[in-house]
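All values below come from the heavy atoms of this structure, side chains included, with hydrogens, waters and symmetry mates left out.
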Amino acid sequence: MTLTPELEITMCKYVLGLVSSDELTGWAATALDSGWDCQALRELAVTNQGDAAERQLLFSRSMRDLNIAMPSRSQAIRRLSLDVAHRMTSGLTSPADGAQEIWDLSVLQCDALLPELGAFIYAASEWPSRPEDGEF
């Protein structure tokens, strides 16, 4: 069984600390609807209240029980950046906002910037001072 893009994105956000515990409950419900199933996932899907640590523990246990490998930080940043780029090319996100979002994601990579994101970082940093180049 393969992960849906929505499930992948939530996993990547989790790895980077960008997902709320409420989103994890929604993720679990979506995973169950997609055919994934284990006890921890069922518990997470019905957890309406409780502390965030409990939901994170259930999420981690779900991943382990389902044999789903969590992405590394750099893999998560690349996957989320790809999603942003897709939204940019489909017109759902402006180039300026998308470049800024990718820059914000790249900052989360503590040990080194990802070279393939450099053009977006440059564009986001130059955008405010060069509005005449925005169309380019």
Side-chain angles (χ1 to χ4, degrees):
M1 192 169 278
T2 59
L3 289 170
T4 65
E6 179 185 357
L7 296 177
E8 267 187 79
I9 288 169
T10 301
M11 284 176 46
C12 290
K13 287 180 176 180
Y14 176 80
V15 166
L16 299 172
L18 300 175
V19 68
S20 71
S21 58
D22 290 337
E23 289 175 285
L24 292 178
T25 300
W27 180 91
T30 302
L32 286 167
D33 287 343
S34 298
W36 296 93
D37 190 25
C38 70
Q39 181 62 37
L41 189 62
R42 283 183 250 132
E43 289 177 32
L44 180 56
V46 297
T47 303
N48 292 325
Q49 296 179 347
D51 67 288
E54 179 184 357
R55 290 183 192 190
Q56 291 176 352
L57 179 64
L58 286 169
F59 179 80
S60 294
R61 202 164 72 208
S62 296
M63 296 297 94
R64 187 179 61 248
D65 292 351
L66 295 168
N67 292 319
I68 298 173
M70 294 298 286
S72 67
R73 290 182 68 78
S74 60
Q75 289 170 328
I77 290 168
R78 285 182 176 100
R79 176 61 181 91
L80 292 175
S81 295
L82 181 63
D83 182 60
V84 173
H86 176 69
R87 287 187 280 122
M88 289 167 60
T89 58
S90 62
L92 298 172
T93 300
S94 74
D97 290 343
Q100 183 64 53
E101 194 174 340
I102 290 173
W103 186 5
D104 293 343
L105 285 168
S106 71
V107 171
L108 298 173
Q109 181 66 26
C110 300
D111 52 355
L113 292 176
L114 302 173
E116 61 270 31
L117 303 180
F120 294 100
I121 295 167
Y122 175 77
S125 69
E126 292 295 314
W127 207 284
S129 63
R130 297 173 55 183
E132 69 280 359
D133 293 335
E135 194 60 35
F136 171 71

| message | Quick check: is L105 connected to L82 through a chain of hydrophobic side chains (ILVMFWY, heavy atoms under 4.5 Å apart)? | response | no

Task: Heavy-atom side-chain contact between L41 and L32 under 4.5 Å - done: yes

Check your understanding: Heavy atoms, side chains only, cut-off 4.5 Å: are R61 and E43 in contact?
Key -> yes

Separation between CG (N67) and CH2 (W36), nearest 0.5 Å, reads 9.0 Å

Look at the side chain of T25 and the backbone N and O of T47, then say whether any donor-acceptor pair between them is shorter than 3.5 Å. yes

So SG of C38 and CG of L44: to nearest 0.5 Å the spacing works out to 9.0 Å

Take R78 and Q75 through the test side-chain hydrogen bond (donor to acceptor under 3.5 Å, both in side chains) and record every step on the way to the result.
CA-CA 5 Å; R78 285 182 176 100; Q75 289 170 328; over 6 Å; no

*Are F59 and V19 side-chain neighbours, meaning at least one heavy-atom pair lies under 4.5 Å?*
no

Would a 4.5 Å heavy-atom cut-off, applied to side chains only, mark D22 and R55 as touching? yes

Exercise. Does the side chain of E23 reach to within under 4.5 Å of the side chain of Y14, using non-hydrogen atoms?
Worked result: no

Out of curiosity, does M70 fall in the hydrophobic cluster containing L58 (side-chain heavy atoms, cut-off under 4.5 Å, transitive links)?
yes

Correct closest heavy-atom pair for P71 and A76 would be CB-N, 4.1 Å

